[in-house]
Amino acid sequence: MTVRIITWNVNSIRARESRLEALLRRWTPDIVALQETKIDDDRLPRAAVEALGYDLATFGQGPYNGVAILARTELSGVERGFLADPVPSEPRVLSATAGGLRLVNLYAVNGKAVGDPAYLTKLAWFDALSAWLRSTFDPTEPLLVLGDFNVAPEDEDVHDPETWRGKNLASEPERERVRDLLNWGLVDLLRLQADGPGPFTWWDYRAGAFHRGWGLRLDLALATPPVAARCTAVHVDRDERKPSTGEGKPSDHAPLIVDLD
DNA sequence: ATGTCACTTTACAAGTGA
């Protein structure tokens, strides 16, 4: 039996309602982690999701950020936020258990630009996330940490490493923060299945970046070894980034699909 | 690097965040 999990930064769940429904029909996932829902919990189109057969946990407030988890089985142990979050007013982390699997769904601080105050917040946010994970979980137990990390972990995760060298989303201090999570005991599931360069999961809306192949791999599924051992396939649904694929405009992120045996 | 998108507001354009 396969458990299929998708992570996708939707860039507004309202703007992506039709495409989200099509994605659920296309891949029939068991669990979906969404980021940048950009809506209060009580305004989210809950009935449409439930009508497709999913339980729903949400953590959103205001026009920015926001995360949600969908599951075909009942969600339990829902936890909003994390210990000592340096930006606790921003809903970025939602944890829940589905089918016996503990998930941490995250939308990392973007950072804007190296040197911007937001960049220092980003580094502090990752440090607090790491400390919380280390104090809460044991890497010998099943755990999946997935979402939009807003970091391309290696040069092979960037279309043009020289252009991106030292820039926000690819700078060394950010990459150190991701490596810190891997050093703790998490495994990058896509890299179990595919060598680089690529695939990418995000292309800027501007400058025709998608058409020109100017992408980054910012969306990751990291798992402890007991989960990694069950991973049989990882896909990027690159077609979902195309304007022609569905109704309405695409998100700037493509979904990442993970299969566990 | 920047050919965009989505959100909001003492709103019908402009600022913000990505």
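By convention in this document, chain letters (A, B, ...) are assigned in the order of the sequence lines, proteins followed by strands, and residues within each chain are numbered from 1. No experiment lies behind these values; they were computed from the predicted model shown.
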Engineer: Considering only the C1' atoms, how many Å lie between B:dA11 and B:dG15, rounded to the nearest integer?
Structural biologist: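 Rounded to whole Å, the distance is 12 Å.
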
Engineer: Taking the minimum atom-to-atom distance to the side chain of A:Arg92, which one of B:dG3, B:dA6, B:dA18 wins?
Structural biologist: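 Minimum distance to the A:Arg92 side chain belongs to B:dA18.
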
Engineer: Specify the separation, in whole Å, of atom CZ of A:Phe149 and atom C1' of B:dA18.
Structural biologist: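 One finds 18 Å between C1' of B:dA18 and CZ of A:Phe149, rounded.
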
Engineer: Can you tell me, in whole Å, how much space there is between the C1' of B:dA1 and that of B:dA14?
Structural biologist: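 Those two atoms are separated by 24 Å.
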
Engineer: The side chain of A:Arg14 is closest to which nucleotide in this list: B:dA18, B:dC7, B:dA6?
Structural biologist: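 Ranking B:dA18, B:dC7, B:dA6 by closest atom to the A:Arg14 side chain puts B:dC7 first.
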
Engineer: A:Asn110 and A:Lys122: side-chain donor and acceptor closer than 3.5 Å?
Structural biologist: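 Per modelled atom types, A:Asn110 and A:Lys122 side chains form no pair under 3.5 Å.
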
Engineer: Can you figure out which of B:dT8, B:dA18, B:dG17 approaches the side chain of A:Pro63 most closely?
Structural biologist: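 Selected nucleotide: B:dT8.
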
Engineer: Find the distance A:His253:NE2 to B:dA6:C1' and express it as a whole number of Å.
Structural biologist: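 A:His253 atom NE2 is separated from B:dA6 atom C1' by 13 Å.
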
Engineer: Of the listed nucleotides (B:dC5, B:dG17, B:dA18), which one gets closest to any side-chain atom of A:Tyr107?
Structural biologist: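 Closest nucleotide among those given: B:dA18.
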
Engineer: At under 4.0 Å between heavy atoms, what does A:Trp164 touch on the DNA or RNA strands: base, sugar-phosphate, or nothing?
Structural biologist: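 Base contact - A:Trp164 has a heavy atom under 4.0 Å of at least one base atom.
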
Engineer: Is a side-chain donor-acceptor pair under 3.5 Å present for A:Thr201 with A:Arg217?
Structural biologist: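 Absent: no donor and acceptor within the cut-off.
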
Engineer: Parallel, tilted or perpendicular for A:Phe82 and A:Trp132, by the 30°/60° rule?
Structural biologist: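 Aromatic pair A:Phe82/A:Trp132 classed tilted.
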
Engineer: In Å, rounded to the nearest 0.5 Å, how long is the span from CG of A:Leu256 to CG of A:Leu146?
Structural biologist: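 Reported value, rounded in 0.5 Å steps: 8.0 Å.
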
Engineer: Between A:Thr58 and A:Asp41, does any side-chain donor sit less than 3.5 Å from a side-chain acceptor?
Structural biologist: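 A:Thr58 vs A:Asp41: donor-acceptor pair found between side chains.
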
Engineer: Students often get this wrong, so: under 4.0 angstrom with heavy atoms, is A:Arg16 touching a base, only sugar-phosphate, or nothing?
Structural biologist: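 Sugar-phosphate: the residue A:Arg16, judged by heavy atoms under 4.0 Å, touches backbone atoms but no base.
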
Engineer: What is the distance from CD of A:Gln35 to C1' of B:dG17, rounded to the nearest Å?
Structural biologist: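 Going from CD in A:Gln35 over to C1' in B:dG17 covers 17 Å.
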
Engineer: Please determine, for the side chain of A:Tyr205, which listed nucleotide (B:dC7, B:dC5, B:dA1) has the closest atom?
Structural biologist: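 Per side-chain heavy atoms of A:Tyr205, the pick is B:dC5.
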
Engineer: If you assign each of A:Ile13 and A:Asp148 to its closest nucleotide in DNA chain B, which residue comes earlier from the 5' end?
Structural biologist: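 Taking each residue's closest nucleotide, the earlier one in sequence belongs to A:Ile13.
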
Engineer: Take the protein atom NZ of A:Lys38 and the nucleotide atom P of B:dT16, then report the distance between them rounded to whole Å.
Structural biologist: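 A:Lys38 atom NZ is separated from B:dT16 atom P by 15 Å.
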
Engineer: Rounding to a whole Å, what distance do you find between A:Glu17:CD and B:dC7:P?
Structural biologist: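 Nearest whole value for this atom pair: 12 Å.
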
Engineer: Whole Å only: how far is the CG atom of A:Asn110 from the P atom of B:dA18?
Structural biologist: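 Those two atoms, CG and P, are 5 Å apart.
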
Engineer: Determine the Euclidean distance between corresponding P atoms of B:dC7 and B:dG3; express it in Å to zero decimal places.
Structural biologist: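 My reading of the P atoms in B:dG3 and B:dC7 gives 23 Å.
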
Engineer: Name the nucleic acid region contacted by A:Asp204, choosing base, sugar-phosphate or nothing; use a 4.0 angstrom heavy-atom cut-off, strictly under.
Structural biologist: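 Base contact - A:Asp204 has a heavy atom under 4.0 Å of at least one base atom.
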
Engineer: If you measure from the P atom in B:dT16 to the same atom in B:dT10, how many Å do you get, rounded?
Structural biologist: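 My reading of the P atoms in B:dT16 and B:dT10 gives 13 Å.
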
Engineer: Under the salt bridge (charged side-chain N to carboxylate O under 4.0 Å, His left out) rule, what do A:Arg175 and A:Asp157 come out as? Steps first, then yes or no, please.
Structural biologist: CA-CA 11 Å; A:Arg175 289 177 167 179; A:Asp157 300 311; over 6 Å; no

Engineer: Regarding A:Arg43, tell me which of base, sugar-phosphate or nothing describes its non-hydrogen contacts under 4.0 Å with the strands shown.
Structural biologist: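 The residue A:Arg43 makes sugar-phosphate contact but no base contact.
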
Engineer: OP1 or OP2 of B:dA1 sitting under 4.0 Å from any side-chain N/O of A:Lys167?
Structural biologist: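 Yes, within the criterion.
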
Engineer: Just compare B:dA18, B:dA1, B:dG3 and give me whichever is closest to any side-chain atom of A:Lys112.
Structural biologist: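 Taking heavy atoms from C-beta onward, the closest nucleotide is B:dA18.
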
Engineer: Whole angstrom is fine here: how far is it from CG in A:Asp116 over to C1' in B:dT16?
Structural biologist: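 It works out to 13 Å between those atoms.
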
Engineer: Can you tell which of B:dC7, B:dG3, B:dA18 lies closest to the side chain of A:Ser12?
Structural biologist: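 For the A:Ser12 side chain, the nearest candidate turns out to be B:dC7.
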
Engineer: When the distance from CG of A:Leu169 to P of B:dG17 is rounded to whole Å, what number comes out?
Structural biologist: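 Nearest whole value for this atom pair: 16 Å.
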
Engineer: Could you check whether A:Phe210 gets within reach of a base, just the sugar-phosphate, or nothing at all, counting any heavy atom under 4.0 Å?
Structural biologist: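 Nothing, no heavy atom under 4.0 Å.
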
